[in-house]
Amino acid sequence: MANVVESLKLLFDRPNEPLITPKGDQKAVFQLSEKLVPPEYASNGVELNDRFGDDAGEKIPLKTLTNYPSFSKASQLPSDADFSLFLPKHQEMATEVIDALLGVPENQLQDFLSTCVFARANLNPQLFNYCYSVALMHRDDTKNVPIQNFAETFPSKFMDSQVFQQAREVAAVVPQTVARTPIIIPRDYTATDLEEEHRLAYWREDIGVNLHHWHWHLVYPFTASQRSIVAKDRRGELFFYMHQQLIARYNCERLNNSLKRVKKFSNWREPIPEAYFPKLDSLTSSRGWPPRQANMRWQDLKRPVDGLDITINDMERWRRQIEEAISTGMVTHSDGSRSALDIDKLGNMLESSILSPNRELYGSIHNNGHSFSAYMHDPTHRYLESFGVIADEATTMRDPFFFRWHAWIDDICQSHKESSYVRPYTRSELENQGVQITSVACETDGYPANTLNTFWMSSDVDLSRGLDFSDRGPVYARFTHLNNRPFRYVIKCNNTGSARRTTCRIFIAPKFDERNLVWALTEQRKMFIEMDRFVVPLNAGENTITRLSTESSVTIPFEQTFRDLSAQSNDPRRPNLAEFNFCGCGWPQHMLVPKGTEAGAAYQLFVMLSNYDLDSVEQEDGSPMSCVQASSFCGLRDKKYPDRRAMGFPFDRPSSTATNIEDFILPNMGLQDITIRLLNQTEPNPRNPPSSS
Ligand code: CUO
């Protein structure tokens with residue numbers, strides 16, 4: 001098994017290089033038969049492969065199968081095309097490949113390896129990477145095979161294209177034995193301060209943020225022929241909630257940058273003032289990602305090559321049906337039956353996933369919205385252009401328009417939450433009898449109480465695994481990102497009842513709106529960002545709960561978002577943080593705290609100790625995980641979402657009584673003014689590789 005796992009890992013390496021060349025730092029060579037060489041190398045592939053085998057560190061024999069998949073659809077995607085799950089044709093291709101990879105019987109790993117090698121050799125690298133990752137994650141016999149960090153495999157989706165020419169130069173000129181100086185990725189490379197949206201570039205273009213989003217969609221695919229892959233516990237609701245929190249977090253950052261909250265894209269026929277010039281190249285297609293000029297509009301799409309034939313009228317028709325479902329509180333299923341609407345169904349209807357109760361009637365608004373937004377420059381394929389960054393889950397959050405589109409999606413979900421079919425919480429649902437919070441605070445060593453402190457950090461990422469056709473050895477790119485000083489919450493409470501458990505729910509929100517006025521709760525509730533949620537025992541009497549910011553259920557550690565490049569990373573006693581399969585999903589720890597301002601931005605810290613009898617979820621035992629799981633945004637692998645309440649509770653719906661947050665507070669809740677202060681300086685990451693400077 002161990003050897004097969006090592007071989008499987010190598011299928012991520014250098015994705016744009018054909019499989020006939022050596023893979024990995026040890027220069028392993030897969031021994032390809034004629035059947036397994038890529039079509040372009042049909043005449044000499046086996047011979048070239050044999051020659052590489054002569055100085056290979058290791059030769060990997062492959063079992064010959066009696067049957068290989070035909071990939072009649074998937075093989076039509078050229079090897080140099082970009083791949084997007086939002087495109088119907090590409091979805092069909094992905095489904096075909098995933099079916100084939102999952103169709104190999106469990107525990108026949110040699111067969112699985114040969115099937116994957118065949119797929120790797122014959123399919124578009126991006127299509128293969130996606131399907132392969134989904135298959136590894138969803139097969140019992142491979143779910144612990146680490147999925148290689150996507151920013152290392154496809155670095156061109158995450159950073160300025162100018163890096164790659166320099167990286168090739170470094171790889172070719174500086175021998176592996178000499179410390180290679182990192183290539184600096186400039187902090188501002190997509191626009192200047194003339195463009196006010198550029199103030200948010202550090203957030204939209206953050207590598208960890210984009211990795212999280214890509215990973216979330218890998219864990220929660222919206223289509224597959226094996227329904228169980230899609231039908232994870234409350235996935236429609238989680239689609240809503242994870243994206244709602246993205247919008248809330250984005251809006252916090254906007255206020256900290258003196259910008260108004262994002263304006264939802266509601267009139268689908270009006271021009272879009274936000275331009276975006278991504279400065280990314282695709283190493284797969286050897287082309288730049290198309291930019292979008294200011295004031296372009298959605299246009300009807302007719303792109304047979306992508307399987308798109310869809311009009312704005314279609315979108316508006318589906319929208320009316322969804323609005324009707326919200327206003328009546330009822331959903332019509334494909335068989336004509338009706339049932340009550342809930343947020344889980346609504347998430348699946350809007351996205352849409354295959355769990356949508358009626359894809360004919362409610363269409364696929366969200367996915368197609370990404371396609372409309374990505375093809376304003378070439379809606380009919382007249383210029384043979386590919387899609388903009390907004391149609392790729394790894395790059396979509398870079399574009400300011402992503403947030404305008406998702407603000408509309410969020411608003412539709414909120415209109416359901418605000419409708420008469422969603423009952424406001426009663427006092428008995430919110431309170432926790434006998435539990436009184438006496439104080440809440442956050443503390444950071446060396447800083448005043450109740451301040452959260454942010455700063456900039458420069459960190460390295462190793463590009464070499466994605467740097468096709470160049471010499472081996474690490475090549476580092478150095479990027480600058482927001483970070484925060486670790487802190488702890490200290491919550492004091494009195495329990496007049498007997499010992500029990502409680503769920504501690506921690507949120508923060510800006511204290512004032514964009515006009516510097518105190519919020520109405522109807523608005524502020526949408527600004528509360530979840531910081532943590534955990535179950536904790538309470539003794540009878542006085543209790544002090546202390547919780548570290550690094551334990552957050554929202555985030556994963558830096559070394560889990562990226563890969564630990566430091567000297568410690570080679571310590572075999574360390575827990576295996578490299579399990580990216582499920583564990584790469586999670587908001588990056590370095591983005592836990594909004595930027596704040598240098599003068600100090602006023603926020604409110606809200607803590608609730610809720611009634612565990614209403615929170616608890618019966619879980620079956622799943623397989624143990626050795627990594628941190630970010631359950632708030634990503635759920636738990638093979639388990640139910642670990643909280644019975646609606647996601648976002650208690651702010652997921654309007655209050656029937658409170659008009660501001662102070663009125664909302666019950667004895668089991670606490671509110672504290674805090675300040676988020678930015679130290680506008682950059683520090684090197686102590687985990688940067690020891691050899692680089
Ligand atoms: Cu995550 Cu639109 O769903 O990008």
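Counting starts at 1 for both ligands and their atoms, following the listed order. Values below: every heavy atom of this structure, side chains too, minus hydrogens, waters and symmetry copies. The shown structure was predicted, so the numbers you read here are calculated from the model rather than taken from an experiment.
Using a cut-off of 4.0 Å between Lys/Arg side-chain N and Asp/Glu carboxylate O, R525 and D652 are scored as not salt-bridged. Between R204 and E253, none of the side-chain N atoms (NZ, or NE/NH1/NH2) sits under 4.0 Å from a carboxylate O, so this pair counts as no salt bridge.
R533 and S553 share no donor-acceptor pair across their side chains, judged by distance under 3.5 Å alone.
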Open item on the list: With side chain to side chain contact (heavy atoms under 4.5 Å, CB included) as the criterion, how do H213 and E393 come out once you've worked through the C-alpha distance, each side chain's angles and the decisive distance to 0.1 Å?
Closed with: CA-CA 7 Å; H213 184 260; E393 281 144 347; 4.1 Å; yes
Nitrogen or oxygen contacts under 3.5 Å, ligand 1 side and protein side:
| unit_1 | atom_1 | unit_2 | atom_2 | d |
| --- | --- | --- | --- | --- |
| ligand 1 | 3 (O) | H217 | NE2 | 3.1 |
| ligand 1 | 3 (O) | H243 | NE2 | 2.9 |
| ligand 1 | 3 (O) | H366 | NE2 | 2.9 |
| ligand 1 | 3 (O) | H406 | NE2 | 3.3 |
| ligand 1 | 4 (O) | H213 | NE2 | 3.0 |
| ligand 1 | 4 (O) | H370 | NE2 | 3.2 |
| ligand 1 | 4 (O) | H406 | NE2 | 3.4 |

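Tested against F265, the residues W408, F403, F402, F401 include a single ring pair (Phe, Tyr, Trp, His ring centres under 6.0 Å) partner, F401.
A perpendicular orientation is assigned to the rings of H366 and H370, their planes being inclined by more than 60° (bins at 30° and 60°).
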